[in-house]
Structures are given as structure tokens and as C-alpha cells.
Protein chains: 2
Amino acid sequence: MPAATNPANHDHDHCIADALTRADALCAERGARLTALRRQVLELVWTSHRPRGAYAILEDLSQREGKSAAPLTVYRALEFLVEQGLVHRLESLNAYIGCAAPGAVHSGQFLVCEACGNAVEIDDPRIRAAIDTIAAERGFQVDRPTVEVRGRCTDCQEKTP
Amino acid sequence: MPAATNPANHDHDHCIADALTRADALCAERGARLTALRRQVLELVWTSHRPRGAYAILEDLSQREGKSAAPLTVYRALEFLVEQGLVHRLESLNAYIGCAAPGAVHSGQFLVCEACGNAVEIDDPRIRAAIDTIAAERGFQVDRPTVEVRGRCTDCQEKTP
DNA sequence: GGCATGATGTTATTTTATAACGTAGTCAGC
DNA sequence: GCTGACTACGTTATAAAATAACATCATGCC
């Protein structure tokens, strides 16, 4: 049973289970190897809806395994998960978060609350379209657009208005 | 005389001089202290149009001064410059770049070429508008939007099509 | 001049990430 | 089943990026 699941009023265990199920399906479909280690790291990334640092995951992993794992263990698993689109890296936080819609095309857009730390993936086509338009005007060939918006989520605005 | 100025066909010395002049004016206007050290770090950030890491700047600074400076020296100067809007931090690169339009409101948008390393500040209102729209729809209060688009600039596309 | 404030110096440490090399599973084809 | 190639994982060391804590120095104001 994973720790610290119910941050608000939703069944986070369900989020985790869902994410793992989708990951299993996607990797099977692609012939990618979602090994026990990688699966476990994915689960630890999904501990909450807050982006998690590699070393936080490392600590959890060490605790679970009863022995201290090496940073590379986690970084390699994360690399795989990011490649498969199961996890995103938040550049402005040096942290990782589970992808809300793996399998679908995603361009990596996030609303990050500076109060509670939660990050919500938005992937809105309008932002992507705006970026594509401007890039086209300048002859710039887009490869990987990163959008990370810091601010305050609705809940946190209500708490301290 | 700064090193490695003319990357392409523009007078980069002019870019640097310009940036310093504007910085002087802005800081004077605001009563902010652009000290010799900070001014020098700003100049080193402007070495090229490629984002530069703090430690690269540190190295240059040490060389200029003839003695090795401490990381904090550079980080503190950079912090000041970022606060004043004279320099931006590129989150996805852990690097810093001179602001193209200090004084004006800017939301920090960049096109970063993965081939030549150059980064161009765009600050396009359409991207900002798209972000604001989506944030408003979700009740998210925007504080600091970060947009960093990786890809290939026109020049580099021509070189290897 | 004296004092408050802000800037810089110095040393140590933390956090994040990668390099280099070796071992051990895993799967395909025979 | 065996072999060989490939991929994943373990281990140790190190690099890169950033900050903490505290001392000292400069600057501007009264």
C-alpha cells in the first residue's frame, strides 16, 4: 500500500492503479519492457500529483527494497519512462510527474501551483497552435515545446485570497 | 575587449554595448545598484546569444580577475540581474541569457536551437494570451509563465536540411 | 564621523545528474 | 538446450548546479 495517497477528495489509489494499468498496456503494445524496477519507479512518481525529485524517489525506493539504491538506478528508470511518455520532466523544478494521458500526443504543458505544489497537465491545443504559428513565422522548426506556468491553483486561492 | 563576439554576421560588440547602456539607464532610473561586479557578470552573460551556465560565467570572471571567484559571487549577481529583468534564466538548460527588451513587460518565451545553441526571446502576446485564457478557464492564477521551445533555427535547418 | 543597510568574500555543504565499467537477465535462432 | 547479441541492472566515482552560514567591506544618509 503506497503512502500519502489522499491529498484532497479523490481516490488517489485509483489514480495510481490506473496509471500502472495503462503503462502495462502501452508497453505490451509497443514491446517495451516495463520491468519490475521501472514499474516501481513509475508507481513512486505517482505517489501524489506533485512533481517529485529523483532523489525523493530514490529514497522511497531504498526504503522499499531495504537497501540503498544508487541514483543511476532511478535516473535510468526515469529515462525509460520519459521516453515512453509515461512520465514528464518538469524542467523548472528538476522533478518528475506521471503523465495524465500517455499514448496520446502530448506537448508537455503544465500549471504548477506554487502553494500546494500540485501540477496539472493541460496540453491545450490553443497554446500549441500559438507556439506553432510563431515558430512558423520565424522559420523555426519546433521539436519539443515546454510550457510550465507557475501560479496558484483554485483551491489555494480560496485558502488565502 | 570581450572574446568570441561575431558568431554570424552581426556586430555583437554592439549588442553588448547596447545591453550595458540600457542596464545602466534602467538601474539608475530605479535606484538599483548595478555594481562593477554585477555589470561585469551582465557583460559575460552577453558574451553570445547562447544561454550560459553560471559556472561558465564563473570561469570567465575568475580569468578576468586573475583569481578564482566563488560560485556564490556569480549566483548573487545573476539573482540581482534576473530580479531587474536584465537577464532571464532558461529553466530547461540551467543557463542564463541577456534579456532582449529589459524594461518592457516580458513573460519569458524562448526559441532555443538545439543545433547552434542560440536562444531567441520572443515574448509573443498570442502565446501569453493562450496561456491566460486556459488558466482563466481553470481558475488558475498565473504568476510566472515559462515557455521554452526546443528545435532548429532557420540557419541550422539550411545547413543540414 | 557614526550608523544602518546592502554588497561581497569565504568556507562548507547540498542537490541534481552523469561517466565508466562490470554483471546478469532475456530473447532469437539454431 | 545452447549460443550470442542485446538490454537491463549494479557499483563506484565524479561532475555540475545551487545554497547555507557567517564574516567583512563599501556606500549612502543623518
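No hydrogens, no waters, no symmetry mates; every other heavy atom, side chains included, goes into these values. Letters go in sequence order (proteins before strands), and every chain restarts at 1. None of the values given here were measured: they were computed from a predicted structure.
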I'd like to check B:E114 versus A:D143 (side-chain heavy atoms, cut-off strictly below 4.5 Å). Are they in contact?
yes
Does A:R39 reach the side chain of A:D24, with side-chain heavy atoms less than 4.5 Å apart?
yes
Do you know which of B:R52, B:R38, B:R64 makes salt bridge (Lys or Arg N to Asp or Glu O under 4.0 Å) with B:E43?
B:R64
Side-chain N or O of B:T35 versus OP1/OP2 of D:dA26: is the shortest distance under 4.0 Å?
no
Treating primed atoms plus P, OP1 and OP2 as sugar-phosphate and everything else as base, which nucleotides of nucleotides 9-18 of chain C get B, S or - for protein heavy atoms under 4.0 Å?
BBB----BBB
Report the distance from atom CD of B:E91 to atom C1' of D:dA18, rounded to the nearest whole Å.
13 Å
Between A:E121 and A:H88, does any side-chain donor sit less than 3.5 Å from a side-chain acceptor?
yes
Round to the nearest Å and state the distance from B:I57 atom CD1 to D:dA18 atom P.
10 Å
For the CG atom of B:L93 and the CZ atom of B:R50, what is their distance to the nearest 0.5 Å?
12.5 Å
Could you tell me, to 10°, how much the axis swings from one end of the helix from C:dG1-D:dC30 to C:dC30-D:dG1 to the other, five pairs per end?
30°
Phosphate-side-chain proximity, B:R33 and D:dA26, N/O vs OP1/OP2 below 4.0 Å
no
For atom CD of A:E79 and atom P of C:dA19, their distance in whole Å:
10 Å
For A:L61 and D:dG10, give me the distance from atom CG to atom C1', rounded to whole Å.
13 Å
In this structure, how many angstroms lie between the P atom of D:dA16 and the CZ atom of B:R52, rounded?
15 Å
Rounded distance [0.5 Å steps], CD in A:Q40 versus OG1 in A:T73:
11.5 Å
For the residue pair B:S107 / B:Q109, report whether a side-chain donor-acceptor contact shorter than 3.5 Å exists.
yes
Check whether any side-chain heavy atom of A:F80 lies under 4.5 Å from a side-chain heavy atom of A:L34, and answer yes or no.
yes
